[in-house]
Visitor: 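Right, I'll just put the structure down here and ask away after.
First the proteins, then the strands, lettered A, B, ... as listed; each starts at 1.
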Amino acid sequence: MHLDLDYFFAQVEENDHPEYTGKPVVVCVYSGRDETSGAVSTSNYIAREYGVKAGVPIKEAIRKLAGKDAVFLPVRHERYGEISQGVMQILDSYGEKFEYASIDEGFLEITRAAGGDYGKAERVALEIKKEVFGKFRLTCSVGIGPSKLIAKIASDFKKPDGLTVVKPQEVQQFLDSLPVGKIPGVGPKSSEFFASAGIETISDLRNADPGRIVEVFGKKTGGWLLNAAKGIDESEVGNSGGQKQISRIATLKRNTRNLGEIMGAMEGLILDVESEVKERELAFSVVGANVIDEHMKTLSKSRTLPHPAQDGNEVRKIARELFYEIINETKTEFRRAGVKVEKLESKKGQKNLSEFS
DNA sequence: CTCCTGGGTGC
DNA sequence: CCTGATCCCAGGAG
């Protein structure tokens, strides 16, 4: 089973501010460059009717919703995190294995709990939806299938407040009519290739030349896509061994390629990363720096340390070197800059906070 | 094989 | 006009 909270951030805001009901609600990430720079994180369905959805620049959203009495709000991650935890606890309690997939998504293994009966699984899903709505006044969309792949695609099939069950015998028929873009991992770039190759539906992909697909996407991804098109997915529900990186990025007050100015902007981010590392008793052995230039092109550099470290000074020193090198190898000015630590390992004890239990 | 960079994704 | 965080993969260099 896959559960997806509907327009999550915006739905939470609607609940916290009942006076917003009936209005377009737009939850935004403000970059701080000017009053309205930034992008839309999530919006409710009313806002979506005007083309205001995740990723749209705030300035564009303002234009599209002019005169529509829309509400623009900054993201409140702590609040959403709290509620997410409560919802995921409910989901977890109904099956034998749970996987936290993201702040608004989770997988549940219910094969045993449902005795292999899809009708039973469906009733469990209705129960879960009821409890989530009862406790948090949130609707969600649920998919049930013989694999994570099918459950995930199914949860997206009917939204909001949907419930879609795909039994093993129905898998192929269910997939065949769907656009290839519905396969997780197929985004704009892959879709572009598929369109040029005349592959529109998952059925088209299933009947495509496997050699050509592997040639274009590589052995791993290509193989996964071909299997997905046939409804084959053997991945198990469960968390894949903890977080692998911690990163922070910021939009600079103005475009620059001045090292001091960039490092000044990085200070808060570095302290933030350091406190997270220490709080969770982790250590890192790779430090990375990245910039996004005035043309939105990304550049990154990273360095492996001789020994794992915990200290912010280490991040600061390496990041400074990396930014120095980046500046020397480029000519453009930078709009955004960030730092990252990778190759995380648990330092104390053995209780690495691998998300939920 | 490891290290590093860039690209793609999806939320 | 363009957020912020994470993961995965390919491919080149050594």
Visitor: Is A:Lys182 reaching over with its side chain to a backbone N or O of A:Leu175, donor-acceptor style, under 3.5 angstrom?
Guide: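 Absent.
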
Visitor: Which heavy atom in A:Lys68 sits nearest to a heavy atom in A:Tyr50, and how many Å separate them?
Guide: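 Closest heavy-atom pair between A:Lys68 and A:Tyr50: CE-CE2, 3.3 Å.
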
Visitor: Which dot-bracket notation, 5' to 3', represents the base pairing of DNA chain B when pairs are defined as Watson-Crick or G-U with both distances under 3.5 Å, crossing pairs as [ ], and inter-strand pairs as |?
Guide: ||||||||..|

Visitor: Among residues 63-76 of chain A, which ones have heavy-atom contacts with DNA chain C below 4.0 Å?
Guide: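 None, since no heavy atom is under 4.0 Å.
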
Visitor: I'd like to know if the side chain of A:Lys135 and the backbone of A:Val87 have a donor-acceptor N/O pair within less than 3.5 Å.
Guide: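 No; judged by distance alone, with no hydrogens or angles, the pair does not exist.
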
Visitor: Using 30° and 60° as the class boundaries, would you call the ring planes of A:Tyr80 and A:Phe9 parallel, tilted or perpendicular?
Guide: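 Correct class here is parallel.
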
Visitor: Is the CZ atom of A:Phe157 crowded by more than 12 outside heavy atoms at less than 6.0 Å?
Guide: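 Not more than 12 within 6.0 Å, no.
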
Visitor: Are the side chain of A:Ser43 and the backbone N or O of A:Val52 linked by a donor-acceptor pair below 3.5 Å?
Guide: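 Present.
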
Visitor: Which nucleotide in the set B:dC11, C:dT3, C:dT6 lies at the smallest distance from any side-chain heavy atom of A:Met296?
Guide: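 Of all the options, the side chain of A:Met296 is nearest to C:dT3.
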
Visitor: Can you list the residues that meet the side-chain contact (heavy atoms from CB on, under 4.5 Å) rule with A:Leu271, with sequence neighbours excluded?
Guide: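 Scan of A:Leu271 (side-chain contact (heavy atoms from CB on, under 4.5 Å), adjacent residues dropped) gives A:Glu267, A:Glu274, A:Arg316.
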
Visitor: Do you know the tightest heavy-atom contact between A:Val166 and A:Pro146?
Guide: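 Looking at all heavy atoms of both residues, the closest pair is O-CD, 3.3 Å.
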
Visitor: Is A:Thr251 touching bases, backbone alone, or none of the nucleic acid, heavy atoms closer than 4.0 Å?
Guide: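 Touches sugar-phosphate only.
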
Visitor: Expressed in angstrom and rounded to an integer, what is the separation of A:Asn290 atom CG from C:dC7 atom P?
Guide: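 Nearest whole value for this atom pair: 15 Å.
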
Visitor: Within this structure, what is the CD1-to-C1' distance between A:Ile292 and C:dC1, rounded to whole angstrom?
Guide: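 Those two atoms, CD1 and C1', are 14 Å apart.
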
Visitor: Could you list by number each residue of residues 26-36 of chain A showing a heavy-atom separation from DNA chain C of less than 4.0 Å, or answer none if no residue does?
Guide: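 By residue number: A:Val29, A:Ser31.
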
Visitor: Taking atom NZ of A:Lys167 as the centre, report whether more than 12 heavy atoms of other residues, nucleotides or ligands fall under 6.0 Å from it.
Guide: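 Count not over threshold, so no.
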
Visitor: For C:dC2, does OP1 or OP2 lie under 4.0 Å from any side-chain N or O of A:Arg336?
Guide: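 For A:Arg336, the contact criterion (side-chain N or O under 4.0 Å from OP1 or OP2 of C:dC2) is not met.
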
Visitor: Students often get this wrong, so: under 4.0 angstrom with heavy atoms, is A:Ile246 touching a base, only sugar-phosphate, or nothing?
Guide: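 Since only primed, P, OP1 and OP2 atoms lie under 4.0 Å of A:Ile246, the category is sugar-phosphate.
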
Visitor: Scan A:Ser41 against the nucleic acid and name what it touches under 4.0 Å (heavy atoms): base, sugar-phosphate only, or nothing.
Guide: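 No contact at all - A:Ser41 keeps every heavy atom at 4.0 Å or more from the nucleic acid.
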
Visitor: Pick base, sugar-phosphate or nothing for A:Gln245, based on heavy-atom distances below 4.0 Å to the nucleic acid.
Guide: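 Result for A:Gln245 = base.
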
Visitor: Just the rounded figure in Å: distance from P of C:dT6 to CG of A:Leu344.
Guide: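 A:Leu344 atom CG is separated from C:dT6 atom P by 9 Å.
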
Visitor: Where the side chain of A:Glu96 meets the backbone of A:Thr111, is there a donor-acceptor pair that is under 3.5 Å apart?
Guide: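 The answer is yes, because a donor-acceptor pair under 3.5 Å joins these two groups.
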
Visitor: So, using side-chain contact (heavy atoms from CB on, under 4.5 Å) as the criterion, who are the partners of A:Thr139 when residues are at least two apart?
Guide: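 Residues passing side-chain contact (heavy atoms from CB on, under 4.5 Å) with A:Thr139: A:Asp6, A:Gln11, A:Phe133, A:Asp161.
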
Visitor: Are the aromatic ring centres of A:Phe334 and A:Phe323 under 6.0 angstrom apart?
Guide: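 No: the rings miss the under 6.0 Å criterion.
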
Visitor: Can you check the A:Lys253 NZ to C:dT3 P distance for me, whole Å?
Guide: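 That distance rounds to 14 Å.
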
Visitor: Going by the rule side-chain contact (heavy atoms from CB on, under 4.5 Å), which residues pair with A:Glu35 if we only count those two or more places apart in sequence or in a different chain?
Guide: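 A:Glu35 satisfies side-chain contact (heavy atoms from CB on, under 4.5 Å) with no residue once adjacent residues are dropped.
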
Visitor: Hey, does the side chain of A:Lys244 come within less than 4.0 Å of C:dT6's phosphate (OP1/OP2), counting only N and O?
Guide: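 No, no such contact exists.
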
Visitor: Quick check on the 6.0 Å ring-centre criterion: do A:Tyr30 and A:Phe72 meet it?
Guide: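 Ring-ring flag for A:Tyr30/A:Phe72: false, centres at least 6.0 Å apart.
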
Visitor: How long is the line joining CE of A:Met266 and C1' of C:dG4, in whole Å?
Guide: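 Rounding to the nearest Å, CE of A:Met266 and C1' of C:dG4 are 12 Å apart.
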
Visitor: Mapping A:Arg335 and A:Lys340 to their closest nucleotides on DNA chain C, which lands nearer the 5' end?
Guide: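 It is A:Arg335, whose closest nucleotide lies nearer the 5' terminus.
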
Visitor: Quick one: side-chain contact (heavy atoms from CB on, under 4.5 Å) partners of A:Arg320, sequence neighbours excluded?
Guide: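 With sequence neighbours excluded, A:Arg320 shows a side-chain contact (heavy atoms from CB on, under 4.5 Å) to A:Leu259, A:Met263, given in chain and number order.
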
Visitor: Donor-acceptor check, side chain of A:Arg257 to backbone of A:Ile327, threshold 3.5 angstrom: yes or no?
Guide: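 The answer is yes, because a donor-acceptor pair under 3.5 Å joins these two groups.
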
Visitor: How is A:Gly55 classified with respect to the nucleic acid when contacts are heavy atoms under 4.0 Å: base, sugar-phosphate, or nothing?
Guide: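 Contact class for A:Gly55: base.
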
Visitor: What pairs of nitrogen or oxygen atoms, one from the protein and one from nucleotides 1-5 of chain B, lie under 3.5 Å apart?
Guide:
from, atom 1, to, atom 2, distance (Å)
B:dC3, OP2, A:Lys343, NZ, 3.4
B:dC4, OP1, A:Thr304, N, 3.3
B:dC4, OP2, A:Thr304, N, 3.0
B:dC4, OP2, A:Thr304, OG1, 2.2
B:dT5, OP1, A:Lys301, NZ, 3.3
B:dT5, OP2, A:Ser302, N, 2.3
B:dT5, OP2, A:Ser302, O, 3.3
B:dT5, OP2, A:Ser302, OG, 3.4

Visitor: Of all of residues 178-206 of chain A, which get a heavy atom below 4.0 angstrom from DNA chain B, listed by number?
Guide: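 Correct list: A:Ile183, A:Pro184, A:Gly185, A:Val186, A:Gly187, A:Pro188, A:Lys189, A:Ser190.
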
Visitor: Look up atom CD1 in A:Ile128 and atom OG in A:Ser93, then write down how far apart they are to the nearest 0.5 Å.
Guide: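 The CD1 atom of A:Ile128 sits 7.0 Å away from the OG atom of A:Ser93.
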
Visitor: For A:Tyr100 and B:dC11, give me the distance from atom OH to atom C1', rounded to whole Å.
Guide: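 Going from A:Tyr100 (OH) to B:dC11 (C1'), I get 11 Å.
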
Visitor: Taking CD in A:Glu170 as the centre, count heavy atoms belonging to other residues, nucleotides or ligands within less than 6.0 Å. Is the count above 12?
Guide: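 Enclosed.
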
Visitor: Enumerate the residue pairs fulfilling side chain to side chain donor-acceptor pair (under 3.5 Å) with a member in residues 284-298 of chain A, sequence neighbours excluded, ordered by first and then second residue.
Guide: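 Those involving residues 284-298 of chain A are A:Asp293-A:Thr332.
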
Visitor: To the nearest angstrom, how far is A:Glu60 atom CD from C:dC1 atom P?
Guide: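 The answer, rounded to whole Å, is 11 Å.
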
Visitor: Please determine if a side-chain N or O atom of A:Arg248 lies less than 4.0 Å away from the OP1 or OP2 oxygen of C:dG4.
Guide: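 Looking at the OP1 and OP2 atoms of C:dG4, neither is under 4.0 Å from any side-chain N or O of A:Arg248.
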
Visitor: Within residues 211-238 of chain A, which residues have any heavy atom lying less than 4.0 Å from an atom of DNA chain B?
Guide: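 Those residues whose heavy atoms fall under 4.0 Å from DNA chain B, taken from residues 211-238 of chain A, amount to none.
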
Visitor: Start at the 5' end of DNA chain C and walk down; is the nucleotide closest to A:Lys59 or to A:Ala250 reached first?
Guide: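 Comparing both residues, the 5'-ward one is A:Lys59.
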
Visitor: Salt bridge (Lys or Arg N to Asp or Glu O under 4.0 Å): which pairs involve residues 233-242 of chain A, sequence neighbours left out?
Guide: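 As it turns out, the salt bridge (Lys or Arg N to Asp or Glu O under 4.0 Å) pairs with a partner in residues 233-242 of chain A, which skip direct neighbours, are A:Lys97-A:Glu236.
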
